[in-house]
Amino acid sequence: MMRQRPCLVGAAMTLLAFLAVGSTPAAATPCTNLQSLALEHATITSATDNTTGVFVVPGSNPPQTITGLPAFCRVTATLTPMSDSSIKIEVWLPATTWNGRFLGTGGGGFQGVISYSALASGIQGGFASTNSDLGTGVSGCSPLYCGSNGNMGNPLAIQFGDQAAPSTGLFGHPERIKDFGYRAIHLMTVHGKKIVDAFYRRNAGKAYFAGCSTGGQNALMEAQRFPDDYDGILAGAAAFNRTHLHMAGLSVWQNTHASPGRLIQPGQMSLINKAVLAQCAGRDGGVGTDPFLTDPRDCRFDPKVLQCTGGNVPPACLTADQVTTMRNYYRGTIDPVTGELVNPGSPRGNETDNVLALGLAFQEKLPEPAFDGLFYWVFGPSFGYPASATNFANFDFHRDIRTVDNQLAAVLNATSTDLGRFREQGGKLIMYHGWADPLIPAQSSINYFNALVERHGHGFGSQEASLQQNDDGRGVQQVGFTFGGNSALRRTQNYARLFMMPGMYHCSGGPGPNVFDALTPLVTWVETGVAPETILATKFVNDTPPAVQMTRPLCVFPKIAKYKGSGSTAVAANFSCVDDHDHDFNQTPAPQYGP
C-alpha cells in the first residue's frame, strides 16, 4: 500500500443515528454490536469505537502513533479455516465518512503483523478497509523473518527483528503455508465484506485491493484464483514469482560472501551508481541531468570500467573480485549446469548504500540471507547449519530448485496468466514497479505483463529470442518485443496496465519521483471506464512534504516520459509520453521458472 493519502472520488455516506438503550456509559453501539456477529470458522475478538482521531499501534515500542484519523469502528477477528490456521484480520469502518467502497490491503515480506498504516490510509480515503497478518504471526513470523538460524548477535539482523534463537517458521505446517500463499487474503476479503455489510446495513458498491511487494503477490493471486473478490486491483512490485525471487536473495548473499574479497565496501555502491549514471543517463530516453535512469534496459554499463589500476585502491575503485560480484548482481540467478536464468538480475541504476532499500548493501551485512525463511519451510532447522547437506551457504541452484518448487511453487507462485474470469466480469488491474528496486527486479513485472500480452496473441508485436552474451561468456535467454500498434497489447490494456517508475526503490523511496496515487485512477477506470494513460509522480525535497523537488509523468507501459525540449525538467508538464522505439531486450527466465 502506498504511504501517501489517496484522494478518492465519490461522496461520503451518512450513517443512520443509533438510539442507545439505557443510560449506562457502556451502552452498545453499532460497532460494539458486531462482537456478536456470527462468521463461519471465524471469531470476532473485539469491536470498538475510536473517536479520538489517534491510533496507537499495538505492541509498538516506543509507541507509534497514527494521527489525523476520522472516527471509525475497529474490528479484530481470528479466522480458523483449518485446525492449524490462526489468521488475524482487522477491519476499520469509517463512522460517517464512508465512500461506499471496500478496500483490501496488503503488506510486505512474511507479514506476521497487521499493516496499520495501510488501514489508516484506507479510512482516510473514505474506504472501509481490511488487512491481515496472513496467518504467519502464530508462527512468530515478522515481515523479514519467518525461519532463521537466529540473529547470531548481528546488530543489523537484531535491528530488523530477527529472533535470537533459531526458528523454522512454517516448517511442518502445510495449511499455514496455504494461508500465507492465498487463503488468508481471500478469507480476509470474504469476512471483511460481511462485517462491512453488518455495520452499514448495505453492501459496498465496489471492492478494491491495493498492495505492494507481498501485497502485490496477494493482488495477482486474487485476480488469478478469486476473480470475483475485487472489481479493481492495484499490484505494486509484486513478489509473484516467490520461490525463485527468494532463490535470488540466496544468490545475492552467496555472491557477496563467496570470499572476503567479494564484499562491496561502504560507499562503493554509490561510486558504481555515479558511474552508471555518467554512462547511461540521457541515453535511455530520459534526461541527462536526472539522478536516475528512465529505462535501464538501454544501459550496458560494465563494472569492469571501475577496476583498480596503477596505485588506485578500494573504495575508490573495484578489485577484480568486486567486479565479479557486480557482474553477477546484474546477471541474475543462473542454473550453473544448464546456464538457464532462474530470476532476472538487478537493473543498472539501483545501486545504493542505503540498507533500508533491502538490496545488496543490506544482504551482505547479514549473517545469513534476508528472507531465507522460506527455505526453512522445506528443509527444516538443518537449513541453518553449515554442516548440513543443504543450507543457506551451499544451496545448489541446479539440484535444490526442484525440491523447493515441488513443495511450494503451486501454493506460493502467482504466475498464472489466465485472468479470463477477472477480465470477463469487468475487473481492472494496474501494476507498477520502481525501476531502481534493489529487492525485486523491475524486469519481473515487465515479464508478467508481457506474458499477459502474449496470451492474447502469439508473436505479439515483433518478438525475437536471442542468446545474449554475459561478461563471463555464458549465454542467457533474452526476449525482445516491439509493440507498435499491436492488437494483443490493446486487448490486454483494456483490463491490465503497467506503469514503470524511474528512480523508485522497493515500493517507495529512491532518487526519482516516488510519491503517487494509483488508487484514484483505478477507481475512475472501474467506475467510469476511463483508463489511465499517465499517473503524476512527485519527488519531495529530502522525501519530506511539502517542498517539491520535481514532478514527472508515469507513462503506461511500454511508453516512456520524453522531455519536450523546453521548460524546467523538474515539471511534469514539460514531458510527454511517447512510444519507446528502442528494441528493448528483456531478461526472461527459462519457461519452467517464469514468466
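Note that the numbering runs from 1 along the sequence shown for the chain. FYI, side chains are in, hydrogens and waters are out, and symmetry mates aren't considered; it's all heavy atoms of this structure.
- We find the CD-CG distance between Glu368 and Leu250 to be 9.5 Å, quoted to the nearest 0.5 Å.
- One N or O on the side chain of Thr105 and one on the backbone of Thr130 form a donor-acceptor pair closer than 3.5 Å.
- Residues Leu374 and Leu412 have side chains in contact (heavy-atom distance under 4.5 Å, counting atoms from C-beta outward).
- Summarising the geometry of Arg74 relative to Cys31, their closest heavy-atom pair is N-SG, 4.1 Å, with the distance given to 0.1 Å.
- Of all heavy-atom pairs spanning Ser85 and Thr80, the tightest one is O-CG2, 3.4 Å.
- Checked by atom type, the side-chain pair Thr214/Arg242 shows a donor-acceptor distance below 3.5 Å.
- Heavy atoms of other residues, nucleotides or ligands lying less than 6.0 angstrom from CD of Glu40 number 12 at most.
- Under the 30°/60° scheme for interplanar angles, the aromatic rings of Phe449 and Phe557 are found to stand perpendicular.
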Could you check Thr534 against Leu554 for side-chain contact (heavy atoms from CB on, under 4.5 Å), going step by step and ending with a plain yes or no? CA-CA 5 Å; Thr534 63; Leu554 307 177; over 6 Å; no
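- Trp525 places none of its side-chain heavy atoms less than 4.5 Å from the side chain of Val530.
- Between Pro70 and Trp92 the shortest side-chain heavy-atom distance does not fall below 4.5 Å.
- Looking at Glu527, its side chain never comes within 3.5 Å of a backbone N or O of Thr524 through a donor-acceptor pair.
- Across all their heavy atoms, Ala237 and Ile440 have their closest contact at O-CD1, 3.3 Å.
- Between the CG atom in Leu519 and the OG atom in Ser121 there is a gap of 8.0 Å [rounded to 0.5 Å].
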Test side-chain contact (heavy atoms from CB on, under 4.5 Å) on Asn514 and Met501 and set out the steps. CA-CA 8 Å; Asn514 50 45; Met501 307 187 60; 5.6 Å; no
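- Considering CG of Asn241 and CG of Asn447, their distance stands at 9.0 Å, rounded to 0.5 Å.
- Residues Asp231 and Phe422 come closest through the heavy atom pair O-CZ, 4.3 Å.
- Checking side-chain atoms of Asn131 against main-chain N and O of Glu90 turns up no donor-acceptor pair under 3.5 Å.
- Within the 4.5 Å cutoff, the side chain of Ile430 has heavy atoms near those of the Pro532 side chain.
- Residues Arg552 and Pro502 are not in side-chain contact: their nearest non-hydrogen atoms beyond the backbone lie 4.5 Å or more apart.
- For the residue pair Val196 and Ala128, the shortest heavy atom distance occurs at CG2-CB, 3.7 Å.
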Taking it one step at a time, do Lys206 and Val523 satisfy side-chain contact (heavy atoms from CB on, under 4.5 Å)? CA-CA 9 Å; Lys206 295 291 181 182; Val523 170; over 6 Å; no
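- Side-chain contact between Arg497 and Glu533 is present, with at least one heavy-atom pair separated by less than 4.5 Å.
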Pair Gln425, Asp228 - check side-chain contact (heavy atoms from CB on, under 4.5 Å), show working. CA-CA 8 Å; Gln425 60 96 13; Asp228 298 324; 4.2 Å; yes
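- With hydrogens and angles ignored, the 3.5 Å screen pairs a side-chain donor or acceptor of Trp377 with a backbone N or O of Cys146.
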May I have the step-by-step check of ring pair (Phe, Tyr, Trp, His ring centres under 6.0 Å) for His456 and Tyr495, ending in yes or no? CA-CA 12 Å; His456 284 284; Tyr495 72 95; 5.7 Å; yes
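- Partners of Pro595 by side-chain contact (heavy atoms from CB on, under 4.5 Å), not counting sequence neighbours, listed by chain and number: Phe240, Thr415, Tyr448, Ala451.
- To the nearest 0.5 angstrom, Phe375 atom CZ is 5.0 Å from Met247 atom CE.
- Ser148 places a side-chain N or O within 3.5 Å of a backbone atom of Gly150 that can act as its donor or acceptor partner.
- The nearest pair of heavy atoms linking Pro558 to Leu489 is CD-CD2, 4.0 Å.
- The closest side-chain donor-acceptor pair between Thr45 and Thr76 falls under 3.5 angstrom.
- Contact annotation: the side chain of Leu69 never approaches that of Asn50 to less than 4.5 Å [non-hydrogen atoms, C-beta and beyond].
- Here the SG-CD1 distance, from Cys577 to Ile535, works out to 10.0 Å after rounding to the nearest 0.5 Å.
- Under the 4.5 Å side-chain criterion, counting only non-hydrogen atoms from C-beta, His244 is not in contact with Pro589.
- Thr32 contributes no side-chain N or O that, together with a main-chain N or O of Ala28, makes up a donor-acceptor pair within less than 3.5 Å.
- How far CE of Met221 is from CD1 of Ile233: 12.0 Å, rounded to the nearest 0.5 Å.
- Residues Phe110 and His246 place their aromatic rings such that the two centres sit under 6.0 Å apart.
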Steps toward salt bridge (Lys or Arg N to Asp or Glu O under 4.0 Å) verdict (Glu424, Arg421): CA-CA 5 Å; Glu424 289 163 8; Arg421 283 181 55 201; over 6 Å; no
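- For the residue pair Gln224/Tyr182, the side-chain donor-acceptor check at 3.5 Å is not satisfied.
- Between Phe171 and Phe383, the ring centre distance reaches or exceeds 6.0 Å.
- Under the 6.0 Å cut-off for aromatic ring centres, Tyr432 and Phe499 do not qualify, their centroids lying 6.0 Å or more apart.
- Between the side chain of Asp162 and the backbone N or O of Tyr145, no donor-acceptor pair lies under 3.5 Å.
- Remark: the backbone N or O of Lys88 is paired with a side-chain donor or acceptor of Ser132 at under 3.5 angstrom.
- For the pair Lys193 and Tyr230, the cation-pi test (distance below 6.0 Å, angle within 45°) is passed.
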